[in-house]
Amino acid sequence: MRWLKIALALGLLGFAGLLLYGYARGHPEDMPWTPLDLAQPVGAFTGRKLVALRDDPAQCRALLRRAGVTFVALPAREAGEQCGYKDGVRLAPGGALTIRYRPAGLGTSCPVAAALALWEWHGLQEAAIAYLGSRVTAIEHFGSYNCRRIYGRAEGAWSEHATANAVDVAGFRLADGRRISVLRDWPDSGAKGRFLRAARDRACPVFATVLSPDYKSAHRDHLHLDQAQRGAMGWRGCR
């Protein structure tokens, strides 16, 4: 009887293994051990894989090229122990991205650029069409690189902006000419407000940190998006 139980348990484990193998083959984006591919849908481990690209700038740039994203690699910038970057890229018009950035020539860390691409393809445009009936043509932003501490304080932790590992999104331009502003339209109870909240929520799977006006007043006029590295557990924040 004991051997029968053991054989049954092993059979169940084997069957579960086959199910997992089959799922993994069809959904590599949900597996922690599969390499990141920007052409795949956003999965359970996509966000952590994007953050890990900070340790491999060459691989990150290769993924952008493979996905058809047009960009220029930026020279390394050194500005003391806490500021600067070695993995900067400047998004350029054309290629697989249809959304432009205002001001033009946005430069960020490569993992932020990769996440912006996935946000466009797998969330932002879908939300714009669903809630506003029009596509996003441009993202208005407050920039990325800024050698400063969090909230510009004289002391405390350094901001992800200090390494170009963050971007602040102020609003969106639509194909029909409308402009959606985080500052003006976040309190809206109609379609504009619902779109902005959907835009935030759909950024969460691809950015390590997403902070909106719901977080605190310092973010009343923008969505803060970053790729902060937070150790092996990969804690993520979305508010």
Side-chain angles (χ1 to χ4, degrees), residues 27-32 34 36-54 60 63-64 67 69 91 97 99 101 106 108-132 135-136 139-142 144 150 157 159-161 163-172 180-183 185-188 191-239:
H27 301 274
E29 68 276 4
D30 289 330
M31 300 296 114
T34 56
L36 179 63
D37 184 348
L38 299 182
Q40 293 173 349
V42 175
F45 287 88
T46 300
R48 294 186 184 183
K49 293 173 185 178
L50 286 165
V51 170
L53 290 175
R54 291 228 74 188
C60 184
L63 288 172
L64 289 179
V69 177
L91 293 173
L97 298 183
I99 294 177
Y101 290 86
L106 174 63
T108 71
S109 72
C110 188
V112 168
L116 286 171
L118 289 175
W119 188 36
E120 173 182 336
W121 297 332
H122 300 290
L124 185 60
Q125 292 290 27
E126 294 172 359
I129 293 170
Y131 291 102
L132 301 171
R135 296 178 64 83
V136 173
I139 292 176
E140 298 177 347
H141 64 89
F142 291 146
S144 175
I150 293 177
S159 169
E160 292 297 317
H161 285 284
T163 55
N165 201 34
V167 62
D168 290 338
V169 172
F172 306 88
I180 309 299
S181 163
V182 175
L183 178 63
D185 297 317
W186 192 265
D188 178 67
K192 293 179 180 179
R194 290 195 295 270
F195 160 71
L196 287 173
R197 284 164 177 78
R200 174 198 59 191
D201 294 345
R202 298 185 188 197
C204 296
V206 294
F207 287 97
T209 312
V210 178
L211 302 177
S212 72
D214 285 349
Y215 177 55
K216 59 173 55 180
S217 61
H219 296 274
R220 64 187 178 278
D221 60 353
H222 68 276
L223 302 177
H224 170 90
L225 314 174
D226 75 40
Q227 295 292 35
Q229 293 177 308
R230 298 190 177 97
M233 296 303 293
W235 176 82
R236 308 174 70 77
C238 181
R239 297 184 62 182

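From a predicted model like this one, the values you see are computed outputs, not experimental measurements.
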Item to complete: For Q227, enumerate each residue passing the side-chain hydrogen bond (donor to acceptor under 3.5 Å, both in side chains) test, keeping only those at least two apart in sequence or located in another chain.
Response: none
Worksheet item: Distance only, no hydrogens: is a donor on one side chain within 3.5 Å (strictly under) of an acceptor on the other, for T34 and K49?
Response: yes
Item to complete: State, yes or no, whether a side-chain contact exists between R236 and V51 at a heavy-atom distance under 4.5 Å.
Response: yes
Fill in: Minimum heavy-atom distance A114-L64, with the two atoms named
CA-CD2, 3.8 Å
Fill in: Least distance between heavy atoms, A198 atom then A127 atom
CB-CB, 3.9 Å
Practice prompt. Spell out, as yes or no, whether a donor-acceptor pair under 3.5 Å connects the side chain of S212 to the backbone of R239.
Written response: yes
Worksheet item: How about V136 and Q125: do any of their side-chain heavy atoms sit closer than 4.5 Å?
Response: yes
Worksheet item: Sequence neighbours excluded, which residues qualify as side-chain contact (heavy atoms from CB on, under 4.5 Å) partners of T163?
Response: R54, E160, N165
Practice prompt. Would you mind reporting whether I99 and L116 have side-chain heavy atoms less than 4.5 Å apart?
Written response: no
Fill in: Where C60 and P111 come nearest, the two heavy atoms and their spacing
SG-N, 3.7 Å
Response to the item:
When every non-hydrogen atom of L106 is compared with those of S144, the smallest separation belongs to CD1-CB, 4.3 Å
Worksheet entry | E140 CD to I180 CD1 distance, which is reported to the nearest 0.5 Å | 10.0 Å
Practice prompt. Using side-chain hydrogen bond (donor to acceptor under 3.5 Å, both in side chains) as the criterion, list what pairs up with H222, not counting sequence neighbours.
Written response: H219
Discussion item. Suppose we screen for side-chain contact (heavy atoms from CB on, under 4.5 Å). Which residues come up paired with A130, at least two apart in sequence or across chains?
Written reply: none
Worksheet item: Which pairs, with at least one residue in residues 202-224 and sequence neighbours excluded, count as a salt bridge (Lys or Arg N to Asp or Glu O under 4.0 Å)?
Response: E126-R202, R200-D214
Practice prompt. Find out whether V206 and V42 are in side-chain contact, i.e. whether some heavy atom of one side chain is under 4.5 Å from a heavy atom of the other.
Written response: yes
Item to complete: Taking side-chain contact (heavy atoms from CB on, under 4.5 Å) as the test, write out the residues that go with D37, two or more places apart.
Response: A39, Q40
Item to complete: Enter the distance from F45:CZ to M31:CE here, rounded to the nearest 0.5 Å.
Response: 7.5 Å
Practice prompt. Nearest 0.5 Å please: distance from the CZ atom of F207 over to the CG atom of L118.
Written response: 8.5 Å
Discussion item. For D185, give me all partners under side-chain hydrogen bond (donor to acceptor under 3.5 Å, both in side chains), at least two apart in sequence or on another chain.
Written reply: none
Worksheet, complete the sentence: Scanning both residues in full, the closest heavy-atom pair of L196 with S181 reads CD1-O, 3.7 Å
Discussion item. Show the nearest heavy-atom pair for residues G193 and D188, with the distance to one decimal.
Written reply: N-OD2, 3.2 Å
Response to the item:
Sorted by chain and residue number, the side-chain contact (heavy atoms from CB on, under 4.5 Å) partners of P213 (sequence neighbours excluded) come out as V182, W186, L223
Worksheet item: Out of curiosity, H161 NE2 to T108 OG1, how far, rounded to the nearest 0.5 Å?
Response: 11.0 Å
Practice prompt. Kindly indicate, with the supporting measurements, whether the criterion side-chain contact (heavy atoms from CB on, under 4.5 Å) is fulfilled by F172 and L124.
Written response: CA-CA 10 Å; F172 306 88; L124 185 60; 3.8 Å; yes
Item to complete: Sequence neighbours left out, what pairs pass side-chain hydrogen bond (donor to acceptor under 3.5 Å, both in side chains) with at least one residue falling in residues 112-124?
Response: T98-E120
Discussion item. L36 vs L50, test: side-chain contact (heavy atoms from CB on, under 4.5 Å). Steps then yes/no.
Written reply: CA-CA 8 Å; L36 179 63; L50 286 165; 3.7 Å; yes
Worksheet entry | Results of side-chain hydrogen bond (donor to acceptor under 3.5 Å, both in side chains) for T209 - residues two or more places apart only | D226, R230
